[in-house]
Every structure is written in C-alpha cells, then in structure tokens.
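Here, residue 1 is the first one in the sequence, and each next residue gets the next number. Atoms considered below: every heavy atom in the structure, side chains included; atoms not considered: hydrogens, waters and symmetry mates.
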Amino acid sequence: MGKSLSRALSGTAIFAYGFFTVFLYGLIAIAKGTYFKRPTEKDKLDLQLARDRLWDLSRDFDGLSHHILTLPSGFKFHFVSNDIPNTPETINSDKALVIFIHGFPDSWAIWRRIIGNPALQEAVSLVAIDLPGYGGTESLEEYNATNVLEKLTELIITLRTQYGVDSGNESNRKRTIIVAHDWGCVLSMRLAAEAPSLAHRFILSNGPSMKLVESNIHRLLFSANKMLSNAWRAPLHARVPLLRALRTLAPLARQLVLSGYVFAMQLPTPMVYYLLSGGNWSLLKSSHLASYNKDEYTQLDMADSMASTMGPSAAESDTKTTSGEAYPASIRERAFTHVMHMAAYYRDRAATARWDKSIETVTSLHSIASGKRRASSGAGLFDEGPAGALKANTTIFWGKDDIALDPRICLDGMGDYLVQGSQIVLLPRTGHWTPLERESGAAFIKAIEWAAQGEKEDIGTAIVESYPGVQVIFSR
C-alpha cells in the first residue's frame, strides 16, 4: 500500500509539473509573439530548400555523401560520410574513424560546420549518424535502453569493420573516436561505461551522466536535510542553517526549472505532440534560436536548423543514393509523428534503464577488447568504480553558458567518473549547442585532430589557438 501510494503521488507530481511546463511554454511563446506567427511563403521555400540540401540522397553535402547501412539485424541507419564505406580504399587507408552522434532535437546536420571542414575531411574518415527515430534512420517500437544501445553498438561495430578498424583476426588497426552532444552524449557515456572497447577516445559535450546527476542530487538533499535538522533542534538559531539549506538546494531548484520539458515529455501523447509542434513549432524554433548563443545567424541558418529537426520531406523520401539505397519505409510512416519518436527517448528511459546486452553484443565487444591494441588505455570492462563510471579515455567539452544543464548538478564530481587519460575542458563563451557555435566548433576540430594523430600534446595546448581562454579544469 505504501509503495502504491508513493508511486501515485510521484505520478501526480510529474503530471502536474509537466502540465504547468506546457502551459508556461505556451504563455512565453504567446508573449514573444511566436505562437501565432505563421510562416511566410519565403519561410516555406527556405525550409524546403534546406530539406532538399540536407536530405536528398542523390546529392552530396559539402563533400559528404549519404549512405543507408543495413545492419546484420536488418535495422537501417542513415549517415553521411566523406569516405565510401566498405571499399578497399577506405578499409586500407590509415585515416582514423570519427563517429558523430547528435542530440535532441537534431540529426547528423548539427555537425555540418565541423564535418564540412576540408582539412578534417582530408585527415580522418567522418561518419555523422542519425539516431533511431531521427532524420533518415529507421524507427523503433520502443526507445528503451536495451533497444537503443543494442542498435547503436551494432552500428559502431559494423562501421569499424567497413572503415577498416577491425579486419579479419586483427582488431583496432587504426584509431576510432566517438564525438557526441546532448542525448548523443548521454548515450555515449553509457557506451563508455558499459562498452568502453568501442572507441579509443570519446569526445563528449554538454550531456549528463545520469549516475553522476543522481549522486549529486542525493548529496545535496542529504546536506540540506542535515541543515534543516539542525534548524529544527535549535529554532531560536534557525536562520543560518535555513539559509544554508536554501543555498544548498539552489542548484537542484535551478535544474528542476531548466528540466521542466523533461517532465512535460511524460504527459499523454496528444499533450507531448502539442508541446513540440504547437504554435507552428514554436518551442523547437525557440530552441534553434538559442542554439546559436552569441553567434550571428541568417534565415538560411535557421532553415537548416529546422530542416535538421524535420528530416526528409516526401520529396526527399523518394530519392536514392548513387548505389541505389533508399530511406527506410518508416520514414514516410512517421512523417507527422517524428517528434514523438524523439520524445520517446525521455518516455522510455533510454538514459537510465538497464541495458541487457545480447550474446552477439557481448561476443563482439570481447573480440574488440582482446585485439592486439586495446581500444582504451583506461580501465577494463570489469574494473570497479562509482556506478556509471566511464571506463574509456574521455574528453568532456562543457559550454559554460549552457541554458539546459546546471554544472553543479551535471558536472561537479565528474572527475571521479573518469579514467587515466581523460580531461574536462571548459569553454567559457559557449552555450549548450557546442557543435553549432563557431568557436566551440573550431575547438572540436582541433580536438579531433589531436585524438586522431595520437594525442601527442596536452589537449589545452592543442585547442587554445582556436579557442583563446579555454580552460582544462580536470586532467588525469
């Protein structure tokens, strides 16, 4: 009875706060004048041209070609790359493989300013994917941790083979680097913790480790509770401990405000769809406006951002790659409900639920880990550490002006979760969407080059010229 009552109260609180968030976001959009603003004919044309530019399979984008990869399980992923997978030229080259994983509400295209860099295209093999349910990748029936992480791991293992990282009986013939942001960062942190042999280095930006978040919340609540207990025992001198308790809880309260949309994602389906698409997509458009932070942007930039979220239209769904590959059938089927697939990552607990690895996954990971050169010089698969500790070499980029994540909840104590050879890099003039901002994008490029070339110098030295004032706040 007690557990049932607790679950009922928790569910009621989540619904109430989620409903309040939807209502609040609507009021803000109305006050800003964006909710009732209709797109002009030019807006519609810009969006369609941007979708054609990003999603037409028959056309290259800044030196990147489109590919549809059917995994051994039959699941289809869409990605763009500067090199043709599974060809002798690509397999036999010595270029490192760099895999980019986006977040919400984006697609491969959030990396467009980085992966379009000519020098980087010359130096490494770039692969920017769409997560399941996003962009041009097939949909899942349920986006729980096992479904998402199994498909993502199967993709990375297949890419490693098709780009020549693993060949025959030889593993780790060249370096593999995973670069991720937001939800991609959340998922990649789980890979670094539970499948660290997948990459030589993870470069992760502005996404939380859910185990660290949980630990920080418990720590703050415990400290505040002790202060409140002291106030209760000495009511005449309660002012100081009460103020300290409030200051202690301030980061948690701020994160609760910033994360209101997460609670809104738990509401009934029609309400979530209304949240994400209502008012002519006002919430998503506001997110894209914020993504440029202090950078200047054009209407074409905004069209590209919305096209990144919207994915292929009916026109692009009929296109094919030069090798005759087409988008999965589910792309057409989810044309008007694609935002619900994005929301399902929140609803189905992809970040926090248990990952039940298949026999095939365990076997593949073991084969990679026992190769001639280890994919990570850090801890092994079964080394102990805090729950959720990352067991692969990891570089964390953190935009200091993040409007979605409070660093006192999502970054404090992160060093305890990192192995030898890892760093935390603070970007003092950057916001949440680090792949889009020019300075942080330049820092990403330098960090990727640094990792691909064998990490011969300090990470701060490698990127300081492209991002003056960058701070390495943790190094191990």
Residues Thr361 and Thr153: side-chain donor-acceptor under 3.5 angstrom: no
From Thr352 atom OG1 to Asn144 atom CG, the distance as rounded to the nearest 0.5 Å: 10.5 Å
Worked verdict on Met189 versus Leu212 for side-chain contact (heavy atoms from CB on, under 4.5 Å): CA-CA 11 Å; Met189 282 191 176; Leu212 172 64; over 6 Å; no
Leu390 side chain reached by Phe202 side chain, heavy atoms, under 4.5 Å: no
Spatial distance of atom CG (Leu204) from atom CG (Leu187) [nearest 0.5 Å]: 10.5 Å
Asp304 bridged to Arg53 by N-O distance under 4.0 Å: yes
Euclidean distance, Arg201 CZ relative to Arg175 CZ, rounded to 0.5 Å: 7.0 Å
Beyond-backbone contact of Asp182 with His432, side-chain heavy atoms, under 4.5 angstrom: yes
Interatomic distance, Leu155 atom CG to Ile101 atom CD1 [nearest 0.5 angstrom]: 8.0 Å
Asp402 side chain vs Ala404 backbone, donor-acceptor pair below 3.5 Å: yes
Leu436 side, atom CG; Ser291 side, atom OG - distance, nearest 0.5 Å: 5.0 Å
Modelled atom types, side-chain donor and acceptor of Ser330 and Glu333, under 3.5 Å: no
Short side-chain to backbone donor-acceptor contact, Arg476 and Leu418, under 3.5 Å: yes
Gln121 side chain to Asn82 backbone, donor-acceptor under 3.5 Å: no
Separation of Leu97 CG from Gln162 CD (nearest 0.5 Å): 10.5 Å
More than 12 heavy atoms from other groups under 6.0 Å of CD on Glu457: yes
Trace of the side-chain contact (heavy atoms from CB on, under 4.5 Å) decision for Asn117 with Leu126: CA-CA 10 Å; Asn117 180 274; Leu126 303 167; over 6 Å; no
Side-chain heavy-atom pair Glu439, Pro468 within 4.5 angstrom cut-off: yes
Pi-cation contact, Trp450 with Lys446 (under 6.0 Å, within 45°): no
Side-chain heavy-atom pair Val98, Ile115 within 4.5 angstrom cut-off: no
CD/Glu465: more than 12 non-hydrogen atoms of other groups inside 6.0 Å: no
Qualifying residue, where the test is ring-ring contact (aromatic ring centres under 6.0 Å, His included) with His102 and the options are Tyr134, Trp108, Phe79: Tyr134
Between Ser167 and Arg173, a side-chain donor and acceptor under 3.5 Å: no
Aromatic ring pairing Phe100/Trp111, orientation class (parallel under 30°, perpendicular over 60°, tilted between): tilted
Side-chain donor/acceptor of Asp412 to backbone N/O of Asn216, under 3.5 Å: no
Where Pro132 and Leu140 come nearest, the two heavy atoms and their spacing: CB-CD1, 3.8 Å
Donor-acceptor side-chain pairing of Tyr467 and Thr430 below 3.5 angstrom: yes
Closest heavy-atom pair and its distance - Val472, Gly460: CG2-CA, 3.7 Å
His288 versus Thr309, side-chain donor and acceptor atoms under 3.5 Å: yes
Check: Asp83/Thr90 side-chain N/O donor and acceptor closer than 3.5 Å: no
Trp55 and His78 aromatic ring geometry - parallel, tilted or perpendicular at 30°/60° bounds: tilted
Check against salt bridge (charged side-chain N to carboxylate O under 4.0 Å, His left out), Lys151 and Glu138: CA-CA 11 Å; Lys151 291 293 181 285; Glu138 195 169 351; over 6 Å; no
Any side-chain donor near an acceptor of the partner, Gln255 and Ser259, under 3.5 Å: yes
Gln423-Thr395 side chain donor-acceptor pair, cut-off 3.5 Å: yes
Side chain proximity check, Asn147 to Tyr143, heavy atoms < 4.5 angstrom: no
Main-chain N/O of Arg160 paired to Asp166 side chain as donor or acceptor, under 3.5 Å: no
Sidechain-backbone polar pair: Glu122 side chain, Ala119 backbone, donor-acceptor under 3.5 Å: no
Residue pair Arg408 / Arg254: nearest heavy atoms and the distance that separates them: NH2-CD, 3.8 Å
Nearest heavy-atom neighbours spanning Gly135 and Pro312: O-CD, 3.5 Å
Side chain proximity check, Ile157 to Glu154, heavy atoms < 4.5 angstrom: no
Flag if over 12 foreign heavy atoms under 6.0 Å of NZ, Lys211: no
Flag side-chain contact, heavy atom, 4.5 Å: Leu405 against Pro208: yes
Any Ile403 side-chain heavy atom under 4.5 Å of Leu258 side chain: no
Donor-acceptor contact present, side-chain Thr137 to main-chain Gly133, <3.5 Å: no
Electrostatic pair Arg332-Asp318, nearest N-O below 4.0 angstrom: yes
Distance-only polar pair, side chains of Tyr297 and Ser305, donor-acceptor under 3.5 Å: no
Evaluation steps, side-chain contact (heavy atoms from CB on, under 4.5 Å), between His181 and Thr434: CA-CA 8 Å; His181 170 254; Thr434 48; 3.5 Å; yes
Aromatic plane relationship, Tyr261 with Phe104 - under 30° parallel, 30 to 60° tilted, over 60° perpendicular: parallel
Parallel, tilted or perpendicular: ring planes of Phe397 versus Phe444, cut at 30 and 60 degrees: tilted
Check against side-chain contact (heavy atoms from CB on, under 4.5 Å), Glu449 and Leu120: CA-CA 7 Å; Glu449 292 175 342; Leu120 197 59; 3.8 Å; yes
Heavy atoms from other residues, nucleotides or ligands near NZ of Lys320 exceed 12 (cutoff 6.0 Å): no
Side-chain donor or acceptor of Asp52 paired with backbone N/O of Leu49 under 3.5 Å: no
